There are 2 protein chains.
Amino acid sequence: MPAGDDATASRPRAATLRDVALLAGVSVATASKALNGRDNVHPDTRRRVVEAAERISFTPNSLAQAILAGSTGTVGLLTNDLEGRFSLPILMGAEDAFGAGQMSVFLCDARDDAIREQYHLKALLGRRVDGLIVVGSNTDPRPTLGTLPVPVVYAYAPSTDPQDCSIVPDNVHAGTLAVEHLLATGRRRIAHVSGDVRYAAARDRAAGAKAALAAAGLELVGGQVRYGSWSEEWGRAATHTVLDHEPGVDAILCGSDQIARGALDVLRERGIDVPGAVSVMGFDNWEVMISGTRPPLTSVDMNFETLGRRAAQHLVDAIGGSPAHGVETMPCRVVVRGSTARGA
Amino acid sequence: MPAGDDATASRPRAATLRDVALLAGVSVATASKALNGRDNVHPDTRRRVVEAAERISFTPNSLAQAILAGSTGTVGLLTNDLEGRFSLPILMGAEDAFGAGQMSVFLCDARDDAIREQYHLKALLGRRVDGLIVVGSNTDPRPTLGTLPVPVVYAYAPSTDPQDCSIVPDNVHAGTLAVEHLLATGRRRIAHVSGDVRYAAARDRAAGAKAALAAAGLELVGGQVRYGSWSEEWGRAATHTVLDHEPGVDAILCGSDQIARGALDVLRERGIDVPGAVSVMGFDNWEVMISGTRPPLTSVDMNFETLGRRAAQHLVDAIGGSPAHGVETMPCRVVVRGSTARGA
DNA sequence: AAACCCTCCGAAACCGTTTTCTGGACGCTA
DNA sequence: TAGCGTCCAGAAAACGGTTTCGGAGGGTTT
């Protein structure tokens with residue numbers, strides 16, 4: 001158990017440019033120029049300054065630099081999803097896009113609470129972030145933040161205002177890709193078990209799936225999407241129903257990896273071969289859900305990292321004076337695994 | 001698809017105190033005093049200033065404030081775990097402890113790369129964070145960052161330097177609690193299937209479990225811990241082995257929720273009643289892994305949020321001049337669910 | 001020796017805010 | 001009416017950097 005004691009043990013105060021200058025025997029102006037590679041500094045002088053800076057491990061105060069330059073090199077990531085399912089890949093993508101260390105990210109979680117969001121927004125603007133990425137908790141449109149003194153990019157959930165810049169995963173295309181993959185592996189009698197119908201993601205994926213089926217002159221087995229909740233439990237229940245009512249079914253397209261896990265469990269219990277008799281697919285390609293499924297689950301990856309990179313790129317452009325408008329959709333991709341293996 | 005166009009459409013520059021003062025017809029000094037509730041400002045004047053500030057939605061520039069005050073109201077969270085399993089609850093706990101909006105958090109992911117860590121560290125120190133929380137990717141000790149101009153608290157993974165302040169989950173106690181719970185529900189022949197033996201977490205939990213058994217005059221069925229990997233796959237394999245070699249086993253304590261899922265699957269396949277014949281427990285209480293297990297999995301919650309709050313609290317104390325030293329362990333708790341229900 | 005150029009350093013202004021200090025206006029008392 | 005206290009507003013300094021500008025010093029040319 002730690003015990004507080006040496007309150008007086010003075011921690012070395014962060015070094016300032018003045019300290020460096022004093023130590024090197026030059027003025028602060030010269031020290032600044034020497035460290036920043038400006039011209040008109042004698043090589044010997046520069047060396048002295050650099051050595052002094054290293055000796056006291058001087059780190060320039062970004063605050064002071066920012067106050068002059070008018071930009072801070074920081075962005076705010078205002079999220080509503082701290083399960084981290086979407087925010088974190090987006091954060092990683094953004095970090096990559098900015099270039100490590102160039103830009104630091106303030107992460108704030110509003111927890112889907114408008115009051116808390118305003119609060120964090122105020123704090124971020126006060127800290128003069130150069131821009132904002134707003135991550136929603138689902139793909140339904142969310143209210144715009146309105147006009148702010150810094151550019152904003154909405155990721156995952158689009159803004160209601162079409163003038164804003166939003167980057168969202170293409171759920172319609174995801175549904176299409178999934179069905180095309182199933183068709184390509186010889187499936188014809190496809191059921192679709194999805195999550196909560198109130199989520200745009202569920203409806204969009206279903207729309208894409210139906211469109212792809214229609215293009216092949218087919219429709220869903222049972223004629224309709226089986227909406228429910230985003231849980232394994234629902235995946236199990238719905239799969240039982242599907243198997244009971246549609247004996248000829250040869251593929252179950254699940255609205256999420258969790259639902260797919262439920263489906264796989266029931267198929268295994270009933271002794272139905274996957275993918276021999278029935279193929280199973282999920283959406284999200286959530287590593288932690290998928291690793292361990294039997295057989296390994298084919299899933300549609302929504303490319304969150306790419307989405308984050310793209311959002312960051314748009315933000316950089318906007319900060320640079322070239323804002324974008326409207327909703328941009330990010331393509332996704334099918335990750336094929338054993339649960340739909342061709343001819344298995 | 002967004003298209004860049006109105007690069008010239010000037011975004012409203014953030015208002016400064018000077019703007020407010022000009023609009024209210026006072027000096028910046030008076031404006032500052034009026035907005036900060038200082039004395040010696042005439043009520044009418046104050047009202048004029050406040051109205052002016054609201055009219056142009058003035059937000060004080062925290063950078064300028066920080067440069068005066070010498071503290072920024074920001075902390076850095078340097079993590080190596082952006083699966084977010086540990087970092088995010090810790091971040092949430094820290095946010096809570098700081099008090100919403102008081103303190104903003106820079107989140108950086110070093111991805112277990114020392115170079116990247118140094119890079120982020122430099123950026124954070126340059127931004128004059130008031131303190132740092134360093135989150136490891138596992139509970140093995142990690143190298144200290146050494147002496148920095150700001151206080152540091154190590155969370156999840158302790159620092160190698162006992163002078164540093166570290167907050168870690170009490171894995172030994174977790175193992176003890178788990179076994180005590182199993183004993184309390186009448187189990188006597190307990191097997192322990194755990195993850196990678198190279199992880200301190202695995203060894204500590206096992207040590208706690210063995211101690212609790214010894215205290216009851218028992219030992220592990222089979223005499224030893226079955227170490228492997230942190231996967232469902234290993235959970236399944238090891239459970240088969242246990243059932244084959246130890247027919248009398250009445251509980252399987254699993255080193256993680258994932259391993260426990262594997263165990264549950266195998267028990268179900270073999271038609272063994274859980275918890276009637278065999279109890280199953282996991283560690284971590286990872287909601288997303290647990291929701292959907294049949295029966296619902298009893299698990300030891302490591303209280304990451306509390307850990308994060310505690311780390312934040314220690315950081316605040318250290319910033320306030322009362323640093324703590326040494327490793328502090330956080331208690332954990334058993335969350336009882338169906339997989340160990342008494343007398344079921 | 002005067003005029004000139006070049007190299008290099010430092011003084012000072014600036015960013016946006018807070019705080020201290022100075023001082024003007026006004027009212028009250030002696 | 002002089003003296004004093006109170007109330008309120010503004011000027012100025014400070015924080016830690018960057019940048020501009022002026023100028024000192026030395027060498028070269030006429």
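Note that the structure is predicted; figures quoted are calculated from it, not measured. In what follows, every chain begins at residue 1, and chains take the letters A, B, ... in the order their sequences are listed.
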Asker: Against A:Val152, only a single residue in A:Thr147, A:Asp164, A:Leu132 fulfils side chain to side chain contact (heavy atoms under 4.5 Å, CB included); can you say which?
Answerer: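 The residue from A:Thr147, A:Asp164, A:Leu132 that satisfies side chain to side chain contact (heavy atoms under 4.5 Å, CB included) with A:Val152 turns out to be A:Leu132.
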Asker: Using a 4.0 Å heavy-atom cut-off, does A:Asn36 contact any base of the nucleic acid, only the sugar-phosphate backbone, or nothing at all?
Answerer: sugar-phosphate
Asker: Write down the distance between CZ (B:Arg18) and C1' (C:dT17), rounded to a whole number of angstrom.
Answerer: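 To the nearest whole Å, that distance equals 11 Å.
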Asker: From the list C:dT18, D:dG10, C:dG10, which nucleotide is the closest neighbour of the side chain of A:Ser27?
Answerer: C:dG10
Asker: Look at atom CZ of A:Arg47 and say whether more than 12 heavy atoms of other residues, nucleotides or ligands are closer to it than 6.0 Å.
Answerer: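 Enclosed: over 12 neighbouring heavy atoms sit under 6.0 Å from CZ of A:Arg47.
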Asker: Check A:Lys33 against A:Arg46 and note the closest heavy-atom contact, atom names and distance.
Answerer: O-NH1, 3.7 Å
Asker: Take the protein atom CZ of A:Arg46 and the nucleotide atom C1' of C:dC9, then report the distance between them rounded to whole Å.
Answerer: 13 Å
Asker: Within less than 4.0 Å of OP1 or OP2 of D:dT18, is there a side-chain N or O belonging to A:Ser32?
Answerer: yes
Asker: A:Leu17 has a side chain; which of C:dC15, C:dT17, D:dG17 sits nearest to it?
Answerer: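 For the A:Leu17 side chain, the nearest candidate turns out to be D:dG17.
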Asker: Using a heavy-atom cut-off of under 4.0 Å over every strand shown, decide if B:Ala34 touches base, sugar-phosphate, or nothing.
Answerer: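 Nothing, no heavy atom under 4.0 Å.
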Asker: Taking only side-chain nitrogens and oxygens of A:Arg38, does any of them come within less than 4.0 Å of OP1 or OP2 of D:dT18?
Answerer: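 For D:dT18, neither OP1 nor OP2 has a side-chain N or O of A:Arg38 closer than 4.0 Å.
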Asker: Is A:Ser62 close to B:Arg128 at the side-chain level, that is, under 4.5 Å between some pair of heavy atoms?
Answerer: no
Asker: I'd like a list of close polar pairs between nucleotides 6-8 of chain C and the protein, N/O only, cut-off under 3.5 Å.
Answerer:
none

Asker: To the nearest 0.5 Å, tell me how far A:Leu121 CG sits from B:Thr59 OG1.
Answerer: 8.5 Å
Asker: Which whole-number value in Å describes the distance from A:Ile67 CD1 to C:dT18 C1'?
Answerer: 12 Å
Asker: Is any side-chain heavy atom of A:Val20 closer than 4.5 Å to a side-chain heavy atom of A:Leu23?
Answerer: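 A side-chain contact is absent here, since even the closest heavy-atom pair is not under 4.5 Å.
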Asker: Look at A:Thr30 and C:dC9 and indicate whether a side-chain polar atom (N or O) is within less than 4.0 Å of OP1 or OP2.
Answerer: no
Asker: Once you round it to whole Å, what is the distance between P of D:dG16 and CG of A:Asp19?
Answerer: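 That distance rounds to 8 Å.
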Asker: Measure from CZ on A:Arg127 to P on C:dT17 and round the result to the nearest Å.
Answerer: 15 Å
Asker: Both B:Val26 and B:Arg128 contact DNA chain D. Which one's nearest nucleotide lies toward the 5' end?
Answerer: B:Val26
Asker: What pair of heavy atoms forms the shortest contact from A:Ala157 to A:Val168, and how long is it?
Answerer: C-CG1, 4.2 Å
Asker: Side-chain N or O of B:Gln65 versus OP1/OP2 of C:dT18: is the shortest distance under 4.0 Å?
Answerer: yes
Asker: What is the minimum heavy-atom distance between A:Ser32 and A:Leu17, and which atoms define it?
Answerer: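 The pair with the smallest heavy-atom distance is CB-CD2, 3.7 Å.
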Asker: Expressed as a whole number of angstroms, how long is the span from A:Asp39:CG to D:dT18:P?
Answerer: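 About 16 Å, once rounded to whole Å.
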Asker: Specify the residue among B:Lys33 and B:Thr59 whose closest nucleotide of DNA chain C lies further upstream toward the 5′ end.
Answerer: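 Of the two residues, B:Thr59 wins.
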Asker: Taking only N and O in the side chain of B:Asn61, is any of them less than 4.0 Å away from OP1 or OP2 of C:dC15?
Answerer: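 So the side chain of B:Asn61 is outside the cut-off, no N or O lying under 4.0 Å from OP1 or OP2 of C:dC15.
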Asker: What's the CG-P distance between B:Leu68 and C:dC14, to the nearest Å?
Answerer: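 Result: 18 Å.
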Asker: Mind calculating the distance between CG (A:Leu22) and C1' (C:dG10) to the nearest angstrom?
Answerer: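 These atoms are roughly 14 Å apart.
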